[in-house]
Number of protein chains: 2
Amino acid sequence: MATIKQVSELAGVSLATVSRVINNTDQVKPGTKAKVEDAMKTLGYRPNFIAQSLASNKSNTVGYVVPELHGSFFGDLLSGTERLLKQANKHLFIAAGHSNEVDEVKAIESLLSRRCDALILHLEAVSNDYLVQLAKDNVDFVVVNRFIAEISERCVTLDNVKGGYIATQALIDNGHKSIAYITGSLWKADAEDRFTGHKAALQEAGIALRPELVFEGDFQADSGYKGMSQLLNSGETITAVCCGNDEMAYGAAEAIREKGLRIPDDISLVGFDDIEFSRFLQPKLSTVKYPMRDIGETAAKMILQKIYNKDFSVKHHIFDPVMISRNSIKTL
Amino acid sequence: MATIKQVSELAGVSLATVSRVINNTDQVKPGTKAKVEDAMKTLGYRPNFIAQSLASNKSNTVGYVVPELHGSFFGDLLSGTERLLKQANKHLFIAAGHSNEVDEVKAIESLLSRRCDALILHLEAVSNDYLVQLAKDNVDFVVVNRFIAEISERCVTLDNVKGGYIATQALIDNGHKSIAYITGSLWKADAEDRFTGHKAALQEAGIALRPELVFEGDFQADSGYKGMSQLLNSGETITAVCCGNDEMAYGAAEAIREKGLRIPDDISLVGFDDIEFSRFLQPKLSTVKYPMRDIGETAAKMILQKIYNKDFSVKHHIFDPVMISRNSIKTL
DNA sequence: CTGAAAGCGCTAACAC
DNA sequence: GTGTTAGCGCTTTCAG
């Protein structure tokens with residue numbers, strides 16, 4: 001692999017000059033510039049990013065910790081971020097936190113030791129305190145899908161409480177009173193928030209929360225299936241079920257069908273997130289939209305603005321959920 | 001950010017010794033080791049990955065070019081790779097190729113300039129020749145989802161031709177003769193291969209290919225919808241439709257339902273890939289399994305073995321497709 | 001507009 | 001076991 005030194009020798013100029021043309025940083029006489037470019041071409045020179053980073057003390061890359069690499073939810077979130085960053089010639093280094101504290105911290109450390117210029121953190125297990133401390137340690141980062149009061153200006157998220165509220169509201173508005181709820185893992189802040197919204201909506205409507213209609217799932221389709229089956233077998237009257245996310249709603253739908261029941265005629269169903277496939281579910285799933293693309297892009301803009309001094313004015317840090325009404329809710 | 005030098009001063013030892021304890025590379029007397037570790041802790045020392053890479057000339061990271069970050073297909077593929085690599089303490093740097101040659105080449109160059117120890121390439125636009133040349137240039141890489149004869153030992157893929165064949169075969173076995181086909185973008189090798197398999201199955205069964213029953217989509221759900229609508233409106237007799245991937249099958253299903261037709265009673269449907277959601281489609285989609293996890297893991301193993309000298313014996317480079325029979329095919 | 005030279009933080013011989 | 005030292009490939013003053 002050719003080095004800058006070889007290029008400089010071939011071109012008959014100094015190292016510094018080659019560096020200048022690589023980075024377009026200073027004026028270089030057109031003639032010398034051409035010589036350097038020729039030399040680079042004939043040598044197949046490619047800048048050593050590692051060396052550049054070490055010398056300049058910046059890596060032009062932002063680190064991103066995601067819970068998992070798979071799943072359409074995270075992919076969509078990442079996608080928006082990547083697009084904007086690429087436009088600005090910044091790179092994205094992705095690491096998975098696997099929803100546990102050890103891996104999450106490891107991922108952060110690893111990104112830091114790579115000297116990422118900034119981080120985007122989509123964490124589930126790590127404590128708020130850890131993040132507040134990280135901010136005090138002068139690490140530049142943005143938190144996605146989580147709101148932490150002490151560092152609110154670094155957070156981009158959906159108002160999950162309100163989301164849980166409007167999902168349940170949609171059911172109540174249609175005359176439902178016996179509403180079951182399948183939560184995500186309740187130790188996760190977003191799952192808890194959504195459930196909190198659900199409870200608020202019930203209370204506001206004067207409907208008592210019945211613990212026997214609540215099942216704690218884990219955001220996976222299988223848990224929705226299991227929860228719904230259990231709920232259905234419990235003998236309780238249920239006219240509608242609200243799920244902590246769409247995937248669990250898929251599983252719930254499956255359980256409902258297996259029981260020989262119909263959606264929404266026998267049971268109404270509502271999800272959360274509006275992931276890509278929800279419009280293909282039969283009947284089409286009514287759900288709360290999680291604006292993944294917007295959130296991903298906002299995170300990118302915040303960093304582009306703050307760290308790379310690009311001219312972005314970020315409008316929303318906390319997005320408002322929107323109910324997507326399709327065909328899975330019956331009016332009673 | 002603390003440096004190795006500060007650690008060495010605080011611990012009262014030399015740089016080399018600190019380096020030794022960081023990398024566990026040479027014997028260090030327990031006493032000194034403890035002193036060094038204390039110093040690291042009190043300084044909050046974190047190795048500078050960039051500097052390590054430059055000095056040692058290896059980065060312990062493998063680069064991965066994916067077509068897109070979103071979509072459950074790629075996510076699942078990545079996921080298996082990441083798991084194995086993480087186990088071996090290697091990192092994954094992901095870059096998106098966005099299905100166009102410019103971005104794909106840029107992504108590769110960027111990974112190379114980061115001095116990735118090896119690459120995993122999931123490319124769509126770049127030519128075979130380019131990759132053959134890359135191999136000659138001594139770049140270590142593995143190609144995913146594509147077979148190139150000249151560098152066959154570097155390829156991990158599914159036999160897409162056979163996949164297209166068995167999908168159509170499943171339809172033929174059930175008595176279908178009027179089979180429509182919605183392809184992925186035909187300039188993509190996998191789309192073409194699947195279609196080739198389709199044609200082979202037809203021919204073998206003595207069924208003439210009718211061009212008016214073929215629609216070229218682009219692997220997106222919308223194109224499946226559009227293709228199916230068009231096919232349905234053409235007035236041709238169609239008893240079954242075979243799609244180049246599951247997402248297009250979702251769109252096709254939608255079009256079929258909108259026409260007031262039923263799956264599989266009026267029209268049988270088969271997909272390709274068996275992405276996660278396909279079991280939730282109504283009726284459950286019969287499809288060809290694309291073993292994303294296996295393929296992702298195999299790619300990782302090949303690299304772990306070849307580049308990092310880990311002890312993996314990779315069994316399959318070309319996976320055999322398997323038909324997943326669910327409920328979207330009717331026996332005529 | 002161009003060159004010389006001092007690092008960036010670390011590894012890897014090579015001595016002791 | 002431990003220290004010394006020469007780079008890794010590049011950026012960045014500072015001169016000129």
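First the proteins, then the strands, lettered A, B, ... as listed; each starts at 1.
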Take atom [atom1] of [X] and atom [atom2] of [N], then tell me their distance rounded to the nearest Å.
{"X": "A:Gln6", "N": "D:dC8", "atom1": "CD", "atom2": "P", "value": "11 Å"}
{"X": "A:Ile4", "N": "D:dG7", "atom1": "CD1", "atom2": "C1'", "value": "16 Å"}
{"X": "B:Phe49", "N": "D:dC8", "atom1": "CZ", "atom2": "C1'", "value": "14 Å"}
{"X": "A:Ile22", "N": "D:dT12", "atom1": "CD1", "atom2": "C1'", "value": "14 Å"}
{"X": "A:Lys5", "N": "D:dC10", "atom1": "NZ", "atom2": "P", "value": "11 Å"}
{"X": "B:Arg114", "N": "D:dC10", "atom1": "CZ", "atom2": "P", "value": "15 Å"}
{"X": "A:Asn60", "N": "D:dT11", "atom1": "CG", "atom2": "P", "value": "11 Å"}
{"X": "A:Glu9", "N": "D:dC10", "atom1": "CD", "atom2": "P", "value": "12 Å"}

A:Thr298 side, atom OG1; A:Leu304 side, atom CG - distance, nearest 0.5 Å: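 CG of A:Leu304 is found 12.0 Å from OG1 of A:Thr298.
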Just the endpoints, please: which first and last nucleotides of DNA chain C, 5' to 3', lie under 4.0 Å from a heavy atom of chain A?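 Range of nucleotides touched by chain A: C:dC1 to C:dG9.
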Check every strand shown and say whether [X] touches a base, only sugar-phosphate, or nothing at a heavy-atom separation below 4.0 Å.
{"X": "A:Tyr45", "answer": "sugar-phosphate"}
{"X": "A:Ser19", "answer": "base"}
{"X": "B:Asn48", "answer": "sugar-phosphate"}
{"X": "A:Val13", "answer": "sugar-phosphate"}
{"X": "B:Thr25", "answer": "nothing"}
{"X": "B:Thr32", "answer": "sugar-phosphate"}
{"X": "B:Asp26", "answer": "nothing"}

DNA chain D: 5'-proximal contact among B:Gly12 and B:Leu54 (nearest heavy atom):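 With B:Gly12 and B:Leu54 compared, the 5'-side residue is B:Gly12.
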More 5' along DNA chain D: B:Val28 or B:Asn57, using each one's nearest nucleotide?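 The residue whose closest nucleotide sits nearer the 5' end is B:Val28.
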In terms of heavy-atom contacts, does [atom1] of [X] have more than 12 from other residues, nucleotides or ligands at under 6.0 Å?
{"X": "B:Asp137", "atom1": "CG", "answer": "yes"}
{"X": "A:Asp311", "atom1": "CG", "answer": "no"}
{"X": "B:Lys106", "atom1": "NZ", "answer": "no"}

5′-ward residue of the pair A:Ala51/A:Leu15 relative to DNA chain C: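 Of the two residues, A:Leu15 wins.
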Given A:Pro291, which of A:Leu77, A:Asp76, A:Leu158 fulfils the side-chain contact (heavy atoms from CB on, under 4.5 Å) condition?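 Running side-chain contact (heavy atoms from CB on, under 4.5 Å) over A:Leu77, A:Asp76, A:Leu158 with A:Pro291 returns exactly one hit, A:Leu158.
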What about B:Arg115: does its side chain form a donor-acceptor pair under 3.5 Å with the base of D:dG9?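 Looking at the base of D:dG9, it does not pair with any donor or acceptor on the side chain of B:Arg115 (distance under 3.5 Å).
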Is any side-chain heavy atom of A:Phe49 less than 4.5 Å from a side-chain heavy atom of A:Ser59?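 Yes - at least one pair of side-chain heavy atoms lies under 4.5 Å apart.
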State whether the side chain of B:Asn100 and the backbone N or O of B:His98 hold a donor-acceptor pair below 3.5 Å, judged by distance alone.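 Side chain of B:Asn100 to backbone of B:His98: a pair is present.
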Strictly distance-based, threshold 3.5 Å: is any side-chain N or O of B:Lys306 a donor or acceptor partner for the main-chain N or O of B:Asp140?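 Answer holds: no.
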